[in-house]
Amino acid sequence: MKIFKKLVSTGLIVCMTAAGLPFSAQARIVATEEITAPAVSTQSASRATVNQFLARDDVRQAMLGQGVSAQAAQERVAAMSDSEVAQLAGRIDQAPAGGDVLGILFTVFIVLLVTDIMGLTKVFPFTRSVR
């Protein structure tokens, strides 16, 4: 018990001493370009990844098999928010080469379906708009 008390008191002494030490902070003015430049480059890279994926022949054939034209898919990607495009680009990057194309096409189909139901577009004839 004496050893335990000695260890705890030694630890507390070290912690209390360290808590009293001054910490330094630095501040400077940051330009808007410095903050937005990485975000803009990431956004454009995500859009480029998705557009390159949609430009592939096998993807176009699979989309046509689902009844979605490549032009409509590219218009949908252009209408997506930056976070949605980044999420879709991440799924494309995670997909195995030549593998889970069906999953990505399913994601595009779901996005198209939801926008149809919300009344933003009219791609599928079997949906009714909420509006």
Side-chain angles (χ1 to χ4, degrees):
M1 188 68 158
K2 259 186 166 179
I3 296 174
F4 178 71
K5 286 182 181 180
K6 211 175 224 188
L7 286 174
V8 170
S9 63
T10 305
L12 284 173
I13 289 170
V14 170
C15 289
M16 294 302 288
T17 304
L21 295 176
F23 293 104
S24 64
Q26 297 177 357
R28 68 179 182 100
I29 297 175
V30 180
T32 305
E33 293 81 21
E34 289 180 53
I35 296 172
T36 58
V40 170
S41 65
T42 304
Q43 294 166 1
S44 61
S46 296
R47 288 199 188 272
T49 300
V50 173
N51 287 332
Q52 286 175 354
F53 178 76
L54 292 176
R56 291 180 18 196
D57 289 333
D58 59 336
V59 174
R60 286 181 184 259
Q61 293 300 323
M63 283 191 301
L64 288 175
Q66 296 287 329
V68 178
S69 70
Q71 182 67 23
Q74 287 179 342
E75 289 172 0
R76 295 298 174 92
V77 170
M80 289 175 137
S81 69
D82 294 331
S83 63
E84 292 171 334
V85 172
Q87 183 181 20
L88 187 58
R91 290 194 62 175
I92 290 171
D93 290 339
Q94 291 175 355
D100 196 17
V101 174
L102 186 61
I104 293 173
L105 288 177
F106 182 71
T107 302
V108 171
F109 173 75
I110 294 298
V111 169
L112 294 175
L113 183 66
V114 168
T115 56
D116 263 9
I117 292 171
M118 289 177 18
L120 300 173
T121 59
K122 187 65 180 160
V123 175
F124 302 113
F126 57 84
T127 60
R128 288 190 199 158
S129 176
V130 176
R131 292 183 182 180

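Distance alone, capped at 3.5 Å, is enough to place a donor-acceptor pair between the Glu84 side chain and the Ser81 backbone. With hydrogens and angles ignored, the 3.5 Å screen pairs a side-chain donor or acceptor of Arg47 with a backbone N or O of Val77.
The two atoms that bring Ser69 and Leu64 nearest to each other are CA-CD2, 4.2 Å, heavy atoms only. Closest of all the heavy-atom pairs between Ala55 and Arg60 is O-NE, 3.5 Å. Here the closest heavy-atom approach between residue Ser46 and residue Ala89 is recorded as O-CB, 3.8 Å. Closest heavy-atom contact between Leu88 and Thr107: CD1-CG2, 4.0 Å.
A distance of 9.5 Å separates CE in Met63 from CG in Asp58, rounded to the nearest 0.5 Å. One distance of note links CZ of Arg56 with CG of Asn51; it measures 13.5 Å at 0.5 Å rounding. In this structure, the separation between CZ on Phe109 and CG on Asp116 is 9.0 Å, given to the nearest 0.5 Å. A distance of 3.5 Å separates CZ in Arg76 from OG1 in Thr115, rounded to the nearest 0.5 Å.
Few gaps surround CD on Gln74; more than 12 heavy atoms of other groups in view lie less than 6.0 Å from it.
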What pairs of donor and acceptor atoms, side-chain ones from residues 1-13 against any protein atom, are under 3.5 angstrom apart with sequence neighbours left out?
unit_1: Ser9; atom_1: OG; unit_2: Lys5; atom_2: O; d: 3.0
unit_1: Ser9; atom_1: OG; unit_2: Lys6; atom_2: O; d: 2.9
unit_1: Thr10; atom_1: OG1; unit_2: Lys6; atom_2: O; d: 2.7

